Amino acid sequence: MGNEKVTLKGNGRRSEPLSGKIKFPIQTRVWIGTLAIAFAVCLAAAAVVWLLPGSRRVARVSVDGAVVREIDLSAVTAEGSFVVEGVGGTNTVTVRPGGVCVSAADCPDQVCVKRGWLEGGAAPIVCLPHRLVIELVSGGDGNALDAISG
Amino acid sequence: MQTKRLTRDAMLTGVALIIFIVEAQIPPLTSVPGIKMGLANIITVYAAFAIGPADAALILAARILLGSVVAGNLSTLMYSAAGGLLCLLAMLGLRRVLSESQLWVASVIGAAAHNLGQIAVAVAVTRTPALLAYLPVLLMSGMIAGLFTGLCAQALVKRMSRK
């Protein structure tokens with residue numbers, strides 16, 4: 001039926017003869033469009049999250065939801081490290097003026113180490129196996145997010 | 001018939017488990033926690049569409065349990081279970097709406113649902129809502145991975161029905 005060369009005047013769409021071009025049925029095209037829009041929204045949201053200006057200068061290290069250490073990165077003058085005891089393993093956290101990273105860890109996936117320096121943006125450093133999270137928070141006044149996570 | 005069903009489901013679980021274990025050996029591609037191809041989901045999508053909801057759920061549950069015993073640990077079990085459950089529910093919900101040539105759509109949405117479950121567990125476990133910042137990136141990777149596994153499953157369904 002779809003291959004016949006007929007013009008459907010009623011809905012303004014034409015069923016075209018077989019050509020080299022792949023033509024999806026209307027329902028599939030709606031799905032493609034919807035998913036493409038969803039993807040674009042995610043892309044925009046990801047860009048906002050990553051490019052969020054870094055005005056929050058306090059690095060908060062928590063293990064299993066409890067804050068174990070807070071470092072004011074603007075007060076850091078020289079690079080230094082300390083070891084954090086996570087759940088089932090340890091992470092070596094390194095700070096430098098304005099930045100923080102996990103420099104070593106005995107977790108299996110090493111995702112926290114590969115994440116590199118955290119110097120801004122909303123995405124925290126996370127080591128899921130050890131339940132360790134390092135996030136940037138604004139010091140002192142504390143916003144809504146701090147109230148929840150703290 | 002029961003024996004045939006048991007054998008088929010066991011074989012599909014075995015195939016899914018092998019894919020899962022092999023994929024677990026590949027180091028993470030990115031520094032974003034939770035991103036992976038999820039190739040074992042090809043079997044879940046296939047089972048959900050070509051066999052039925054009950055069998056798909058059994059195969060998925062067996063694969064997740066055995067997979068975390070063989071290639072993971074208790075915490076990976078929680079992420080997989082929450083993600084897998086949401087993914088399965090999303091796909092079974094879409095099963096009635098989609099035709100066979102739109103099977104990949106279920107996989108894409110199922111993968112996104114998997115990411116939602118995964119991050120919900122991560123937020124609950126670490127008690128850090130800031131982890132939600134990873135959600136957009138996870139959803140993007142999930143949609144791409146879901147598209148790939150969905151197209152694989154669609155090709156599989158097509159070939160298996162041609163006997």
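All values derive from a computational prediction rather than experimental measurement. Proteins get letters first, then strands, A, B, ... in listed order; numbering begins at 1 in each.
- In this structure, B/Val45 is a member of the same hydrophobic cluster as B/Leu12, with clusters built from ILVMFWY side-chain heavy atoms closer than 4.5 Å.
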Under the criterion side-chain contact (heavy atoms from CB on, under 4.5 Å), I'd like the reasoning laid out for A/Leu128 against B/Thr126: C-alpha separation, chi angles, the key distance, then a yes or no.
CA-CA 8 Å; A/Leu128 286 178; B/Thr126 62; 4.1 Å; yes
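- Proximity to chain A (any heavy atom under 4.5 Å) is restricted, for B/Ile109, to the side chain, taken from C-beta onward.
- The contact between B/Val125 and chain A is made by backbone and side chain atoms together, counting heavy-atom distances below 4.5 Å.
- Heavy atoms only, all atoms of each residue included: A/Thr28 and B/Gln102 are closest at OG1-NE2, 3.0 Å.
- Hydrophobic clustering (ILVMFWY, side-chain heavy atoms < 4.5 Å, transitive): A/Ile134 and A/Val63 are in one cluster.
- Of residues 30-47 of chain A, those residues lying under 4.5 Å from chain B by any heavy-atom pair are A/Trp31, A/Ile32, A/Leu35, A/Ala38, A/Phe39, A/Cys42, A/Leu43, A/Ala45, A/Ala46.
- Taking 4.5 Å as the limit, some side-chain heavy atom of A/Asp64 sits within range of a side-chain heavy atom of B/Arg127.
- For residues 32-44 of chain B, a heavy-atom distance under 4.5 Å to chain A picks out B/Val32, B/Pro33, given by residue number.
- Residues that satisfy the salt bridge (charged side-chain N to carboxylate O under 4.0 Å, His left out) test with A/Arg115, not counting sequence neighbours, are absent from this structure.
- A 4.5 Å side-chain heavy-atom check between A/Phe24 and B/Ser101 finds every atom pair outside the cut-off.
- At most 12 non-hydrogen atoms from other residues, nucleotides or ligands lie less than 6.0 angstrom from NZ of B/Lys158.
- Using a 4.5 Å cut-off between non-hydrogen atoms, the part of residues 79-96 of chain B that approaches chain A consists of B/Tyr79, B/Leu94.
- In this structure, chain B has heavy atoms under 4.5 Å from both the backbone and the side chain of A/Val111.
- Within the 4.5 angstrom heavy-atom criterion, no atom of A/Gln110 approaches chain B.
- With a threshold of 4.5 angstrom between heavy atoms, B/Met140 approaches chain A through its backbone and through its side chain.
- Connection of A/Leu118 to A/Val113 is established within a shared hydrophobic cluster, with ILVMFWY side chains joined at heavy-atom distances below 4.5 Å, either directly or through further cluster members.
- Under the 4.5 Å side-chain heavy-atom criterion for Ile, Leu, Val, Met, Phe, Trp and Tyr, B/Met143 and B/Leu138 are members of distinct hydrophobic clusters.
- Closest non-hydrogen pair, B/Ala133 versus A/Val49, comes out as O-CG1, 3.6 Å.
- Hydrophobic clustering (ILVMFWY, side-chain heavy atoms < 4.5 Å, transitive): B/Val15 and B/Val69 are in distinct clusters.
- Only the side chain of B/Leu98 comes within contact range of chain A, judged by heavy atoms closer than 4.5 Å.
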